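Remarks on the structure that follows.
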Amino acid sequence: MKVLVCVKQTFDTEAKIELKDGKIADAGINLIINPYDEVAVEGAIQLKEKGIAKEIVIVAAGSDKAMDAIRTALAMGADRGILVQQDTAADEFARAVALAEAIKAENPNIILAGHVAADDGSSQVPTRVAEILGLPHVNVITAVEIAGDKATCTSEADGGTQVTEVSLPAVISSQVSWNEPRYPSMKGIMAAKKKPVATAAAAAAENKVKILEFSLPPAKAAGIKLEDEPEVCATKLAEWMKNTVKVEVK
Amino acid sequence: MPHDNYLYQTRDIKFQIKEWLDIDKILSLDAYKDYYGADDFDAICDVNYKICRDVICPANKDSDEIGMKHVGGNEKAVISPDVFKTVYNTVIEAGMGPGFGDRQVEGRMPLYWYAPILEMQTGASPAIVMLWCLTQGATTVLQYNLSQELQERFLPKMYSGEWGGSMCLTEPGAGSEVGAVTTRCFPTDTPGLWKIKGQKCFITTGDWDGVENIIHLVLAKDPDAKPGTAGISCLVVPKFWVNEDGSLGAWNDVTTTGIEHKLGIHGSATCSLAFGENDNCYGWMIGDGPVDGRGKGMAQMFQMMNEERINTGIFSLGAFGAAYYAALDYAKARVQSKKSTDPKGPSVRIIEHEDVRRMLLLQKSVMEACRALLYSSYYYIDLSKEAATEEERELAEDFFMIQNPLGKAYISDMAWQMCAEAIQVHGGYGFMEEYAPASLARDCKIYSLWEGTNFIQSQDFTGRKFTMKKGEPFKKWLAEIGDFIANKKTPEFAAEFAMMERAFASFNSIVDMNAAWTTTNKQLKQLFATRIMHAAARVICGKLMLDQGLLAASKLAELGDSHFDANFYKGKIASVKFYIMNVVPEIFGTEEAMKAADTSAIDCPEDAFM
Ligand SMILES: Cc1cc2nc3c(=O)[nH]c(=O)nc-3n(C[C@H](O)[C@H](O)[C@H](O)COP(=O)(O)OP(=O)(O)OC[C@H]3O[C@@H](n4cnc5c(N)ncnc54)[C@H](O)[C@@H]3O)c2cc1C
């Protein structure tokens with residue numbers, strides 16, 4: 001069984017984001033695999049360890065820098081990679097078109113991805129890819145069992161869990177709680193250098209979304225510190241919430 | 001709460017490894033050229049960073065607050081906090097543990113890359129890192145001295161982390177005076193196999209429950225041993241016997257009789273061990289056994305100790321580096337007092353006050369200077385093992401040997417002082433266990449004590465290292481510093497070169513006085529050894545920093561002021577200037593004191609110490 005994992009390169013979630021000329025200044029910022037996609041990579045490796053997956057292919061659409069994200073996934077244990085070269089300004093639609101094109105050529109049994117990207121948080125790409133390819137899509141999964149050409153997925157649902165059986169091929173996107181991604185090992189890092197990574201041009205697609213402006217969230221105002229007997233503190237806190245923060249009681 | 005929030009930064013680490021030290025030279029050596037490129041360092045460093053941040057550092061809380069517990073028995077006598085097993089396994093699986101010790105395997109990593117890995121790990125938890133470091137050190141002795149057959153029996157499981165390792169020198173009556181050990185070894189009918197009897201104390205990771213077996217390297221004397229260190233042999237003594245096929249046998253009569261309750265590194269078990277209480281403890285002699293009462297144990301153990309000494313410098317750097325980053329973080333957030341230049345203005349963050357900036361830049365510059373000394377020493381070890389010609393290997397080995405006591409003693413002394421500065425930046429909060437510097441200060445004090453106290457290092461430096469091989473290597477080492485100062489001057493660093501010129505002249509005069517006292521006044525030599533060691537460290541660190549300053553200035557000129565990385569190079573230049581103009585000048589005080597040659601510490605009657 002061939003498992004393909006879509007991986008996006010994002011800013012390090014620990015990085016301090018700054019704007020320059022109305023855009024996110026990316027110079028000098030550490031780039032990582034989108035942590036949600038890392039879970040999908042781990043999921044694929046575990047399927048291989050169980051003998052279900054034979055080959056794991058990583059696909060990333062983005063600039064040449066995204067090669068580092070592919071290498072990290074290969075260092076974790078994936079087998080080969082494909083870099084779909086695309087302008088970083090591509091929107092979710094253009095991204096999905098480019099990925100779907102590359103995926104079609106590979107004809108995998110399972111397509112895994114994180115359910116959301118840590119940078120733009122739009123949660124669209126896996127669904128769009130499934131739509132373009134005409135495949136079923138199961139989202140925010142926390143477990144998966146494969147038997148024959150069927151996958152039984154457990155996903156989060158409001159107030160509980162949902163179990164979905166889906167026929168393969170399918171797009172399955174992961175919730176973070178699915179697993180704990182492993183760290184690439186020294187051996188893995190060295191082995192990854194020798195694993196093949198192909199490059200492909202992105203299929204042409206016009207962006208559907210136009211970004212008008214980026215802005216940073218307003219700086220957090222200083223809090224207050226109350227030091228008194230508990231009941232006095234409680235009264236003062238209530239007054240502060242009512243008069244200063246203007247919390248409305250309904 | 002002890003230190004558990006990883007704020008360590010890697011930019012200077014990458015600068016020193018990839019931009020400053022000649023990485024191409026190392027990567028062109030036969031051992032590495034088919035395997036590594038410079039960018040591999042980033043990948044390895046980044047994974048190590050993540051493990052430090054997400055796995056090791058959060059566990060430092062349990063390491064400090066729960067620590068190791070002695071429960072007795074022969075199986076698992078020392079119990080670690082639960083989280084240790086996860087941390088240990090993560091590090092081992094990532095290949096960031098004792099596997100680096102294997103210096104024969106194809107595709108081994110450049111050795112000097114190990115320095116930052118260890119530094120960052122110590123910055124995450126000074127205690128936890130000891131779980132794999134001693135194992136790695138022990139493998140150094142075994143792979144160069146043990147028979148092939150025994151290597152195959154012991155080493156694979158030590159490299160894989162399934163078994164731990166320890167070094168057993170110290171006994172209640174034998175600390176600095178290693179030659180006083182009383183542990184005995186007796187020959188048996190099987191060649192190479194000896195019976196062991198004796199007690200050791202203060203043995204780091206002498207026991208813990210995360211590994212199946214502990215392989216002890218034990219210093220002992222045979223019945224005919226000469227007195228002092230000459231009679232010492234070194235033996236491999238496993239806690240559980242290791243059969244010929246590598247499987248575990250019966251318990252080898254090694255009892256952990258207790259662990260110490262310490263000022264710091266609570267997560268590292270400091271064990272008292274009894275060998276052969278039931279007369280049933282055996283070990284393998286490392287190399288040929290003693291001849292005419294002379295053993296090879298000290299020389300063998302020194303192969304481990306030399307590496308553990310530089311590693312102690314690395315531990316020190318990691319610990320006070322972590323304290324610096326905690327202080328920096330705090331200074332950017334804490335609002336207190338008005339600016340001296342705006343007394344009617346608002347209260348400001350303390351990083352805006354002159355004295356806080358002084359403390360922060362002191363910590364930053366000392367951290368970078370110590371890193372330069374340690375990484376360059378590690379670079380020499382790498383060359384001493386892997387360089388193409390014998391001549392190059394020998395020179396590198398000599399320079400490493402000269403710098404090693406400085407790397408151990410100066411940097412561990414700095415660790416304690418710099419943690420104190422980090423506490424000072426925090427004000428009263430620094431005295432509270434909730435803030436990182438308190439536990440880091442407690443943890444780092446050990447580094448000036450173990451692996452030979454800092455006085456022992458100073459004595460080694462001012463004695464053996466000045467005169468080894470008729471003093472030729474030391475002369476060469478000094479000449480390199482002198483040549484650099486004389487020939488690399490630039491207008492931008494004119495004042496710093498001038499200061500280094502004076503400091504170097506002063507140090508030469510210190511060296512001459514020390515040499516004269518060797519014959520005329522041995523006591524003065526002892527009295528000043530520690531201060532001379534500090535003076536030497538300041539001179540070499542000043543030179544290395546100035547070299548980095550020149551590189552930083554040229555990079556800054558190339559990239560321009562608005563480049564995203566410009567602040568790094570500006571910060572480096574500030575560190576260089578601060579170190580040379582504020583830290584190096586302490587040399588002059590030592591020179592003056594030596595000229596005055598005050599002997600009151602010797603003359604003062606013992607009963608007058610009251
Ligand atoms: C936490 C911890 C872990 C340790 N781990 C290990 C380990 O794994 N393996 C191991 O074998 N040992 C270990 N040790 C032991 C350590 O190496 C010794 O404590 C150290 O060598 C000093 O010996 P000592 O404690 O007996 O001090 P002493 O030798 O009694 O020294 C006391 C003081 O006297 C000074 N002094 C001694 N001799 C002279 C002299 N000739 N001239 C001037 N001053 C002198 C010393 O510098 C020191 O200031 C550990 C110790 C600790 C505390």
Side-chain angles (χ1 to χ4, degrees), chain A residues 9 11-21 23-33 35 38-39 41-42 45-46 49 64-65 67-77 176 179-195 197 219-225, chain B residues 5-11 14 32 34-37 39-56 86-87 89-100 102 105-110 113-114 117 159-161 332-333 335 347 559 562-568:
Chain A
Q9 191 179 43
F11 301 128
D12 190 337
T13 42
E14 305 273 318
K16 190 168 165 239
I17 302 294
E18 283 174 0
L19 298 181
K20 203 172 173 188
D21 306 328
K23 283 193 181 148
I24 297 172
D26 60 358
I29 287 195
N30 197 24
L31 299 170
I32 58 168
I33 296 189
E38 219 171 27
V39 172
V41 174
E42 174 65 33
I45 296 169
Q46 290 183 10
E49 284 169 348
D64 287 347
K65 280 190 202 161
M67 191 63 99
D68 289 344
I70 295 177
R71 291 271 171 225
T72 306
L74 297 179
M76 286 170 72
V176 270
N179 58 46
E180 186 80 34
R182 71 195 61 200
Y183 295 93
S185 68
M186 276 284 296
K187 261 199 195 130
I189 292 169
M190 298 317 290
K193 292 187 351 170
K194 299 207 177 92
K195 292 181 179 175
V197 181
K220 219 162 84 184
I224 57 160
K225 192 172 178 186
Chain B
N5 181 19
Y6 199 61
L7 300 169
Y8 224 80
Q9 294 185 19
T10 55
R11 182 63 188 91
K14 289 182 179 174
Y32 311 130
D34 294 333
Y35 297 96
Y36 292 88
D39 290 343
D40 292 330
F41 177 72
D42 294 330
I44 294 166
C45 179
D46 293 349
V47 170
N48 188 52
Y49 173 84
K50 263 177 107 175
I51 293 175
C52 289
R53 184 191 64 194
D54 301 342
V55 182
I56 305 177
T86 316
V87 175
N89 290 338
T90 305
V91 170
I92 298 294
E93 273 164 27
M96 300 287 174
F100 290 123
D102 190 350
V105 69
E106 277 289 305
R108 58 189 172 273
M109 186 182 78
W113 291 4
Y114 184 53
I117 289 177
Y159 292 141
S160 71
K332 285 180 175 175
V335 173
S347 296
L559 299 175
S562 56
H563 189 269
F564 71 87
D565 217 11
N567 271 337
F568 169 72

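This is a predicted model, so every value here is computed, not measured. Convention: sequence-line order gives letters A, B, ...; per-chain numbering from 1.
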- request: Would you check if the side chain of Asp21(A) reaches a backbone N or O of Lys23(A) as a donor-acceptor pair within less than 3.5 Å?
  value: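 Flag not set: sc Asp21(A) to bb Lys23(A) has no pair under 3.5 Å.
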- request: Between chain B and each of Met190(A), Lys194(A), Arg71(A), Lys20(A), count heavy-atom pairs under 4.5 Å; write down the option with the most.
  value: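 So the answer, after comparing Met190(A), Lys194(A), Arg71(A), Lys20(A), is Met190(A).
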field: Heavy-atom pair with the smallest gap, counting every atom of Gly95(B) and Phe100(B)
entry: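 Looking at all heavy atoms of both residues, the closest pair is O-CZ, 3.5 Å.
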message: Please classify the contact of Arg11(B) with chain A as side chain, backbone, both or neither, using a heavy-atom distance under 4.5 Å.
response: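 Looking at Arg11(B), nothing touches chain A.
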field: Atom group of Phe568(B) that falls short of 4.5 Å from chain A, counting heavy atoms
entry: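 Phe568(B) has no heavy atom closer than 4.5 Å to chain A.
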By salt bridge (Lys or Arg N to Asp or Glu O under 4.0 Å) - contacts of Asp39(B) (at least two apart):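 Checked Asp39(B) against salt bridge (Lys or Arg N to Asp or Glu O under 4.0 Å); matches are Lys18(B).
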query: Could you give the distance from CG (Asp46(B)) to CZ (Phe41(B)), rounded to the nearest 0.5 Å?
result: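 It comes to 8.5 Å.
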Separation of Met109(B) CE from Ile44(B) CD1 (nearest 0.5 Å):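 Interatomic distance, Ile44(B) CD1 to Met109(B) CE, rounded to 0.5 Å: 6.0 Å.
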task: Determine which residues belonging to residues 181-189 of chain A lie within contact range of chain B, meaning some heavy atom pair is under 4.5 Å apart, and list them by number or answer 'none'.
output: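 The residues closer than 4.5 Å to chain B, in numerical order, are Tyr183(A), Pro184(A), Ser185(A), Met186(A), Ile189(A).
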task: Could you tell me whether Tyr36(B) and Trp113(B) have their ring centroids closer than 6.0 angstrom?
output: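 Between Trp113(B) and Tyr36(B), which both carry aromatic rings, the centre distance is below 6.0 Å.
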- request: Applying side-chain contact (heavy atoms from CB on, under 4.5 Å), run through Lys50(B) and Val55(B) and close with a yes or a no.
  value: CA-CA 8 Å; Lys50(B) 263 177 107 175; Val55(B) 182; over 6 Å; no
